[in-house]
Amino acid sequence: MEGPRLEYTAELLRHFTDLRDGTHGGAISRPDKERLFTAAVALLDPHARQPLNEINTDLLLGTGEVTATGLRRRGGLEAIWALSWPEQQAARINPVIIRAYYGAGAHHPHLQAGTAGDWPLNVFDEKQAAAQVPTLRAMASADLHNLVFQRDYRIIPAILN
């Protein structure tokens with residue numbers, strides 16, 4: 001009995017198929033893959049901001065600020081969404097980071113948290129971008145968790161109030 005694939009397993013299958021075929025979303029050339037990555041960053045933008053805004057509201061009590069670099073070229077292409085707040089800055093640790101990147105020598109792009117590994121980035125339409133929200137939440141949560149371990153729980157305003 002076969003039903004429709006879960007969105008996250010469908011994304012993994014797209015990723016593994018691209019590895020098998022040497023493509024990314026059907027694109028073969030680096031310029032075509034970069035165009036797809038550029039479109040993916042635009043599609044992801046509101047969805048990458050969402051978990052950062054949620055953490056800011058619920059745990060940082062609205063004291064934080066979400067920023068985004070937009071697409072930039074740095075040894076490849078990247079876009080970064082960050083959440084910073086006064087306690088994190090005073091502790092001199094990095095903000096919570098969600099990064100989309102397509103390294104210069106890479107076959108295809110990935111997502112990455114500031115302190116946690118890589119996830120496939122195979123987003124080609126709005127539905128696929130919206131389906132990333134659970135992954136983006138997990139990434140931001142893992143990053144915040146690791147930042148607490150770099151200092152302590154007192155960087156989280158909600159635990160003190």
Side-chain angles (χ1 to χ4, degrees), residues 2-60 62 64-85 88-89 93-147 150:
E2 269 191 52
R5 282 199 166 75
L6 298 170
E7 192 59 41
Y8 83 98
T9 61
E11 180 182 19
L12 285 168
L13 189 58
R14 287 192 304 273
H15 185 73
F16 300 146
T17 300
D18 284 349
L19 287 172
R20 179 195 66 202
D21 298 344
T23 62
H24 175 65
I28 296 169
S29 73
R30 177 74 188 202
D32 288 342
K33 291 177 182 181
E34 286 185 0
R35 277 190 282 285
L36 290 174
F37 177 75
T38 299
V41 166
L43 289 167
L44 279 174
D45 183 68
H47 306 292
R49 291 172 187 270
Q50 182 179 336
L52 299 176
N53 283 318
E54 291 167 353
I55 288 171
N56 182 41
T57 299
D58 291 348
L59 300 177
L60 306 182
E65 178 184 12
V66 174
T67 59
T69 63
L71 191 67
R72 60 189 185 180
R73 194 170 289 279
R74 291 200 164 170
L77 294 174
E78 73 173 6
I80 294 175
W81 297 269
L83 171 60
S84 59
W85 66 103
Q88 162 263 322
Q89 293 167 344
I93 56 176
N94 289 329
V96 173
I97 298 283
I98 295 173
R99 178 179 179 238
Y101 73 99
Y102 184 18
H107 170 67
H108 52 258
H110 287 88
L111 291 168
Q112 182 181 71
T115 61
D118 294 321
W119 286 262
L121 176 55
N122 288 74
V123 168
F124 306 106
D125 61 37
E126 176 55 34
K127 181 181 176 200
Q128 292 169 353
Q132 291 298 305
V133 170
T135 299
L136 296 165
R137 282 181 176 138
M139 293 170 67
S141 297
D143 206 26
L144 183 62
H145 174 263
N146 292 339
L147 293 175
Q150 287 180 14

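Atom-to-atom distance recorded for L71:CG and T38:OG1 is 4.5 Å, nearest 0.5 angstrom. Taking CE of M139 as the reference point, atom CG of L136 lies at 6.0 Å (rounded to 0.5 Å). Taking OG1 of T115 as the reference point, atom CG of L144 lies at 9.0 Å (rounded to 0.5 Å). Considering CG of D143 and CD of Q112, their distance stands at 9.5 Å, rounded to 0.5 Å. To the nearest 0.5 Å, atom CG of residue L83 and atom CG of residue N53 are 8.0 Å apart.
Salt bridge status for D18 with R14: absent, with no side-chain N to carboxylate O gap under 4.0 Å. Salt bridge present: R73 and E34 bring a charged side-chain N and a carboxylate O closer than 4.0 Å.
Among all heavy-atom pairs drawn from H107 and G22, the shortest one is CE1-C, 3.0 Å. Summarising the geometry of N56 relative to G64, their closest heavy-atom pair is OD1-N, 2.6 Å, with the distance given to 0.1 Å. The minimum heavy-atom distance linking G25 with L36 is given by the pair O-CD1, 3.9 Å. Minimum heavy-atom separation, W81 to A68: CD1-CB, 3.5 Å. Residue K33 comes nearest to A27 through the heavy atom pair CE-O, 3.4 Å, listed as atom of the first residue, atom of the second, then distance. Closest of all the heavy-atom pairs between A140 and V96 is O-CG1, 3.8 Å.
Every residue meeting the ring pair (Phe, Tyr, Trp, His ring centres under 6.0 Å) condition with H145, not counting sequence neighbours, appears here in chain and number order: F149. By the side chain to side chain donor-acceptor pair (under 3.5 Å) test, H47 is found to be paired with E126, residues two or more places apart in sequence or in another chain being considered.
In this structure, K127 and E7 have side chains that are in contact, with non-hydrogen atoms separated by less than 4.5 Å. Put simply, the side chain of L52 reaches to within 4.5 Å of the side chain of I98, judged on heavy atoms. P120 places a side-chain heavy atom less than 4.5 Å from the side chain of L12. The shortest distance between side-chain heavy atoms of H15 and L13 does not fall below 4.5 Å. Looking at Q132 and V123, their side chains come closer than 4.5 Å, going by heavy atoms from C-beta outward. In this structure, the side chains of P95 and I97 come closer than 4.5 Å at one or more pairs of heavy atoms. The shortest distance between side-chain heavy atoms of L44 and L111 falls below 4.5 Å.
Side-chain contact, Q50 with E54: a donor N or O sits under 3.5 Å from an acceptor N or O. Judged purely by distance below 3.5 Å, without hydrogens or angles, the side chains of E11 and N122 never pair a donor atom with an acceptor atom.
H24 has its ring centre less than 6.0 Å from the ring centre of F124.
The side-chain tip of R30 points at the ring of Y102 from less than 6.0 angstrom away and within 45° of straight on.
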After noting the C-alpha distance and the side-chain angles of L121 and F37, does the key distance pass the side-chain contact (heavy atoms from CB on, under 4.5 Å) rule? CA-CA 9 Å; L121 176 55; F37 177 75; 3.7 Å; yes

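One N or O on the side chain of T69 and one on the backbone of I80 form a donor-acceptor pair closer than 3.5 Å. Looking only at distances, a side-chain donor or acceptor of Q88 sits under 3.5 Å from a matching main-chain atom of W85.
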